[in-house]
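These notes are about the structure you will find just below.
To find a chain, count down the sequence lines: A is the first, B the second, and so on, and within it residues start at 1. Keep in mind it's a predicted model, so treat the numbers as computed, not measured.
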Amino acid sequence: MTSPEPIITIENVNKYFGQLKALSEVSLQVRPGEKVVIIGPSGSGKSTLLRTINRLEEIDSGRIIVDGLDVMDDKNDINRIRMEVGMVFQRFNLFPHKTVLGNLTLAPMKLRKIERAAAEANGRRLLQKVGIEEKAAVYPARLSGGQQQRVAIARALAMNPKIMLFDEPTSALDPEMIGEVLDVMVNLAREGMTMVVVTHEMGFAREVADMVVFMDQGQILETGPPEHFFQDCRHPRARKFLSQIL
Amino acid sequence: MMKRCVWVVLAAILLATPAWARTLVVAQDATWPPMEFMNEQKEIIGFDTDYVRAVAKEAGFDVVFKNVAWDGIFAGLDAGQYDAVCSSVTITDERKKAMDFGIPYFKVRQALVVSKDSTVKTLEELKGKTVGGQIGTTGYFAIKKTEGITAKSYDEIGLAMEDLFSGRIDGVVCDDPTAAQYALQKADYAARLKIAAVLDTGDEYYGIAVKKGNKEVLDLINKGIEAVQAKGIDKELRAKWIGQ
Amino acid sequence: MEKKTIDVSDGAAIPRKKDAGLFSAWRISFAGALIILLCLVVFEPDPYLKILKFLPDGILITFEVTIFAIIFAVLLGLLTGLGRISKNPFINAVASTYVEVVRGIPLLVQLFYIYYALGRFVRLPDMVAAIIAMSLCYGAYMGEVFRAGIESIDKGQMEAARSLGFNRTQTMFYVILPQAWRTILPPVGNEFIALLKDTSLVSILAVADMLRRGREFASETFTYFETYTVIALVYLLITLLLSKMVSILEEKLNYYDQS
């Protein structure tokens, strides 16, 4: 594999929540098309790290470059950076006052200034892609968790982002719905989307990740391709974590 | 021993309160200088107040004053909250239907107060303008009866004068002693206001009002008024409060 | 995404479908007030019909003050609510101070102040002074309701919108406020009703509203019982109608609920 310039560069990032050190000297690079899966016990800082990439969390020191722009530099319009970085949340966060299609067209129409007809056509295409085109006119409250999360993915994709961030996308789902969401994510990965995923789904990590990152106590302890990581990771805490989860 | 103490106390109370001195509660709306208003010590003073005291002295009853908003003053009389109203109450046919009046004790007329630079000489000249009066007073009724004038009713005559003073209305109609008080006596108002006319609504007489059919109180009051008038006390009071 | 409600303290109860007790109370009160009023007017036209005929221009004034004050109070409330959650310390301080000052002064005093006290400097017409005082007072109350309504919206909504690239203002107008409306509407509806009732206070500015018209009638004819009975019934009918309108509006805003 050739190594183009990284699309995300995280350098020596530190972040505190009061006294608590949430991120400690974290550095990470993600290249275009790469799929990075971040794992680790809860409270390890993995969600925090993910959220610093589109500046939903501020950092105390270090540097984060996304698509050539310094995220923390106020000279760069953070809203323009975010338009290129889709995000999927644990709790879906669909807009309850908009229909499914309305959720998909709001941002493209208001931010990308796309005509309603074009935005709706693109929205329907994406709904088809995530397999719920028949729910276009329904309000989110009527959908199951799995359906809501697939709409949330489609909503993020509607902005045609260069990067997709997933923050524990299946953690709030009933077990029988996890599969349908992971299927959508696997397909997205096959299409070549750059993805950073925080998850506990080791199967997913094994199947699609180019790189697995293990975090604990705000530090990255181990990084490597999944085959390496799952077979012979060296760090004792990573091994302990894997033994508990697998 | 105990029993005797109680008897002594009771006897003392009985002796201390002369059984013959009846106490009447008299309502006044103390916003109508110089007839009835509040001094800085928060006491009601004025012509009417002194007049009632004189009447009480002559007729041999005690009097307690109660300050009541004009708007509800007759409703309170009807509800028995006080025995009489002596508060520049003009005797009118309408009112006579609702309550009884004592002997007329004071003659007034309605006066129109306007800004000093106004050339108005009659109420009719204020057609198309706004004229204020106190709610439920003969002055306000006179404004309402004049066609083409917007009548504005205030809770207190002082608020109407304030609006006239700041130029929001074009005239105020009220009893002449009160008009004189504002347009001639109170320095800041007198500098800006004047009495333009005394309206030819005819002479009016103030009377002390009691609840319809309350003959006992009415007789008591009339007895006092007769004595006051016979002794000429009313003229002394007029000199004290109104001048002239 | 579950619906949150804000506790309310004044105004009047707004009937809701699930609240069967209040709903029937509404019917009983409305029908009762209407029947009593009609009976009085039909069987005892003197003085009841006379009183009723005396009131309409006063009712109009009451409506006028209410409607203008509601419009301005909602706008002011929205600005204040946004100001109170603003990250700009200056805007925040201005909004908070306004709320504190206005909440600490009785409406009656505010009315006197704006009309009579300031009257020596700014000569506001009585209606304007009345509407300004009512709007200022209720703008502060509604500001608190708006703030609570906005804060009741799940933080995830803000994050989802921001992650798509909306700025704070866009997020507020496209995502937060459209949802906050229905949390805000019941307490705001209560404020509407409280405001309508409080317009009776403007009669002290010699504004010829319904109450002052009634007082004028009563003080001339000594029909206190009859006049105030009619006034109470008319106020009751108007507030009941208003609360009905608010509850209908509420239904409409619940279009995206699950059940």
Heavy-atom pair count under 4.5 Å with chain C, highest-scoring of A:Arg155, A:Met159, A:Lys110: A:Lys110

Output yes when a side-chain donor or acceptor of C:Gln170 lies under 3.5 Å from a complementary backbone atom of C:Asn167, and no otherwise. yes

Any side-chain heavy-atom pair from A:Arg150 and A:Leu143 closer than 4.5 angstrom? no

Considering only NZ, NE, NH1 and NH2 on the basic side and carboxylate oxygens on the acidic side, decide whether A:Lys129 and A:Glu191 come within less than 4.0 Å. yes

Proximal component of A:Arg55, with respect to chain C [non-hydrogen, under 4.5 Å]: neither

Under 4.5 Å heavy-atom distance to chain C, tell me which part of A:Leu111 shows up: side chain, backbone, both or neither. side chain

Pick whichever of A:Asn79, A:Val138, A:Asp77, A:Leu56 has the most heavy-atom pairs under 4.5 Å with chain C. A:Asn79

Quick check: does any side chain N or O of A:Thr194 sit under 3.5 Å from a backbone N or O of A:Gly33, one acting as donor and the other as acceptor? yes

Only pairs of heavy atoms separated by less than 4.5 Å count here; which of A:Arg80, A:Met83, A:Arg82, A:Met87 has the most with chain C? A:Arg82

Report the relative orientation of the aromatic rings in A:His97 and A:Phe95; use parallel for angles under 30°, tilted for 30 to 60°, perpendicular for over 60°. tilted

